[in-house]
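These notes concern the structure reproduced below.
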Amino acid sequence: MQTAHLKIGSDWQESENGKTITLNSPWDLNPFAQIQAASAKQATLAIDMAANSFLTWRNTSLSARLEIFEKIIARLIQSKDELAQVLSKEIGKFPKDAESEINRSIGYIKLVMQALAQQTGRLYYGDITGQYESMRKTGLYTREPLGVILAISSFNYPINLSITKIAPAILAGNTVVFKPATQGSYSATAFYSKFFEAGLPDGVLNIVTGSSSEIGDVLITDERIKLIAFTGSTGVGRHIGKISTGIPLLLELGGKDAAIVTNNADIEVATSEIVSGGFSYCGQRCTAQKIVIAYDGIADKLRDKLVEKSALLDLNPMIDEASADYIGELITDATEKGAHLALSGQRSKNHWQASIIDKISPEMRIFSEEQFGPVLPIIRVKDEQEAIKIHAELKYGLQASVYSQDIDEAFRISSKLEVGTVQINARTDRGPDNFPFGGVNDSGQFMQGTIETLELMTRGKLTVVNLHNLD
Ligand code: NAP
């Protein structure tokens with residue numbers, strides 16, 4: 001079976017305990033690859049390597065860093081078909097979606113390179129205060145890398161959600177320890193192996209895979225880590241918040257992205273966007289449309305159209321059977337409490353077709369929990385005021401969509417939603433990747449992007465030039 005190794009400093013290593021984890025492909029649940037389960041000692045060694053490499057990498061010129069990334073891009077382009085196949089197999093993504101993830105991740109590297117090339121500092125003139133003569137004191141304000149960054153990503157976009165951390169971190173002069181989600185580790189390791197083939201110096205990026213219970217806390221609590229960039233569930237994000245050492249945390253957590261559909265919506269646009277937003281990659285996207293808030297005047301018609309269109313879908317599998325069981329629990333809870341199962345998708349193990357539950361209410365679990373699967377709940381509201389009130393009861397705040405052809409109404413609602421992004425008349429979505437992206441409340445903190453992430457992954461430094469012989 002194909003096996004991925006740990007990348008620690010210059011070595012591609014096996015687990016020192018001889019422990020491996022077998023990954024099953026979601027398509028057929030058969031074993032497809034193995035990864036190494038790093039020991040706590042190996043996790044610490046990865047940080048040692050990143051810390052040592054930082055001393056030289058931070059002083060590597062910007063042009064040299066950019067040149068290495070040009071070579072990385074070329075190497076990734078050569079391998080993109082092979083990488084997309086592995087990705088599709090490992091996380092059960094349709095081949096075209098896997099190709100799109102690889103292509104968009106390569107595109108993202110280019111965007112960060114452009115953003116970095118445009119990064120500028122600032123000059124501060126001390127004489128503005130009236131205390132100093134001209135040129136006596138001048139401040140040069142520059143950006144400095146932070147040091148070792150810990151990147152942890154989730155299973156659903158193993159490449160895109162890691163490159164959006166790793167590329168800005170390294171390009172800005174930091175070094176990285178990367179812990180991918182277990183399911184996703186094989187493709188992520190294959191992707192980043194190309195970085196070393198293209199000439200990224202050893203130690204700048206270190207990859208540790210394995211059981212979170214063994215290495216998670218060791219990585220998170222190491223005082224040499226200067227920033228943690230995490231994507232995953234709200235529960236694990238909170239755990240990181242509790243045990244980390246007071247460093248900045250870039251948290252991209254769960255979502256419950258609402259589609260607010262007013263009586264003024266273009267129903268065809270809303271239907272098609274909600275179906276694609278709710279069920280792409282089987283609903284396993286942080287920005288999937290996870291709840292529809294429909295005005296009474298449009299709800300019946302919208303529900304019928306959503307059911308009609310969703311029934312035609314042929315979805316990819318869910319990541320595993322346990323995740324599919326969870327969806328089952330939420331549907332049972334909602335129907336037992338009086339919701340109407342308007343579309344009941346067929347299930348076979350982890351393969352599950354689209355379901356739609358109408359007339360849900362806030363006491364049902366599916367209102368407050370993130371389903372992360374192919375079921376879309378609809379809650380009905382009488383008017384704008386109630387829509388905003390219901391939205392405010394959602395704990396999450398990643399994105400929301402407002403569907404209305406009345407631009408005043410759309411902006412009015414948008415201005416009252418506590419989320420990172422509002423999409424007007426389109427599905428909730430991460431891209432384009434040059435747009436800032438992030439959540440509030442249980443969905444995380446800080447807006448990331450290109451320029452935004454470079455700012456977050458560097459710190460300001462002031463160097464004051466003091467001139468004494470000015471006459
Ligand atoms: P998860 O279970 O929280 O895992 C996320 C990552 O954290 C994985 O690498 C996981 O490793 C690791 N992890 C788990 N426990 C840990 C610990 N104690 N210490 C350190 N690392 C630990 O999430 P998931 O199931 O992979 O992804 C789904 C979730 O991610 C959903 O809630 C979704 O909304 C969210 N998400 C958010 C965004 C966003 O941008 N806001 C994007 C995508 C996904 P193992 O796999 O080895 O356990």
Side-chain angles (χ1 to χ4, degrees), residues 7 43 46-47 50 53-54 57 65 69 72-73 76 87 101-102 104-113 115-116 143 145-182 184-185 187-189 191-192 194-195 200 204-209 212 216 219-220 222 224-233 236-237 240-241 244 247-253 286-287 398 420 430-431 433-439 443-459:
K7 178 72 164 112
I47 300 175
S53 304
F54 178 62
W57 183 248
R65 278 181 256 152
F69 271 80
I72 288 172
I73 289 172
L76 290 171
L87 181 61
E101 182 171 346
I102 302 287
R104 121 181 217 219
S105 300
I106 297 171
Y108 176 77
I109 300 175
K110 294 182 192 163
L111 290 170
V112 181
M113 289 167 72
L116 186 69
R143 304 297 305 175
L146 299 174
V148 182
I149 289 182
L150 174 61
I152 304 178
S153 55
S154 55
F155 79 83
N156 55 340
Y157 288 87
I159 308 302
N160 192 258
L161 292 173
S162 55
I163 197 66
T164 46
K165 301 168 176 51
I166 291 171
I170 294 181
L171 274 161
N174 302 285
T175 55
V176 171
V177 175
F178 170 41
K179 164 38 206 102
T182 294
S185 291
S187 337
T189 308
F191 184 85
Y192 291 104
K194 309 298 170 199
F195 283 46
L200 186 72
V204 171
L205 171 63
N206 302 273
I207 307 170
V208 284
T209 56
S212 295
L219 292 168
I220 292 162
D222 193 296
R224 292 168 297 170
I225 299 290
K226 296 293 186 254
L227 177 146
I228 300 175
F230 172 81
T231 301
S233 59
V236 176
I240 293 175
S244 58
I247 53 173
L249 304 175
L250 311 190
L251 301 176
E252 294 184 342
L253 308 179
C286 56
T287 53
L398 192 55
R430 163 69 184 90
D433 285 336
N434 62 325
F435 284 12
F437 172 73
S443 292
Q445 57 186 9
F446 295 119
M447 294 299 274
Q448 303 178 45
T450 54
I451 306 166
E452 295 78 9
T453 309
L454 287 168
E455 287 266 320
L456 292 164
M457 291 186 169
T458 52
R459 65 182 177 86

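Residues E101 and P158 have side chains in contact (heavy-atom distance under 4.5 Å, counting atoms from C-beta outward). Using a 4.5 Å heavy-atom cutoff, the side chains of K7 and L205 are not in contact. By the 4.5 Å heavy-atom criterion applied to side chains, F437 and T287 are counted as neighbours. Side-chain contact between Q445 and L249 is present, with heavy atoms from C-beta onward closer than 4.5 Å.
Every side chain to side chain donor-acceptor pair (under 3.5 Å) that K194 has, sequence neighbours left out, goes to E82. Partners of K179 according to the salt bridge (charged side-chain N to carboxylate O under 4.0 Å, His left out) rule, which considers only residues two or more places apart in sequence or in another chain, do not exist here. Residues passing the ring-ring contact (aromatic ring centres under 6.0 Å, His included) test with Y192, sequence neighbours excluded: F178, F195. Under the salt bridge (charged side-chain N to carboxylate O under 4.0 Å, His left out) criterion, R224 pairs with D48, D222, sequence neighbours left out. Shown here are the ring-ring contact (aromatic ring centres under 6.0 Å, His included) partners of F230, two or more places apart in sequence or in another chain: there are none. Looking at residues two or more places apart in sequence or on another chain, you find no salt bridge (charged side-chain N to carboxylate O under 4.0 Å, His left out) involving R143.
Separation of atoms CD1 (I109) and OG1 (T164) is listed at 10.5 Å; rounding is to 0.5 Å. Note that CD of E452 is 13.0 Å distant from CZ of F446, once rounded to the nearest 0.5 Å. Y108 OH to I163 CD1: the interatomic distance, rounded to the nearest 0.5 Å, is 8.0 Å. From M457, atom CE reaches atom CG of L171 across 11.0 Å, with rounding to the nearest 0.5 Å.
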**OP:** Evaluate the criterion side chain to side chain contact (heavy atoms under 4.5 Å, CB included) for residue pair I73 and K110; output intermediate values, then yes/no.
**Re:** CA-CA 8 Å; I73 289 172; K110 294 182 192 163; 3.6 Å; yes

**OP:** Given side chain to side chain contact (heavy atoms under 4.5 Å, CB included), test I170 with L200 step by step and report yes or no.
**Re:** CA-CA 10 Å; I170 294 181; L200 186 72; 4.1 Å; yes

Original post:
Step by step, would you call I152 with V236 a side chain to side chain contact (heavy atoms under 4.5 Å, CB included)?
Top reply: CA-CA 11 Å; I152 304 178; V236 176; over 6 Å; no

**OP:** Start with the C-alpha gap between I225 and L219, add the side-chain angles, then the distance that decides, and say whether side chain to side chain contact (heavy atoms under 4.5 Å, CB included) holds.
**Re:** CA-CA 8 Å; I225 299 290; L219 292 168; 5.9 Å; no

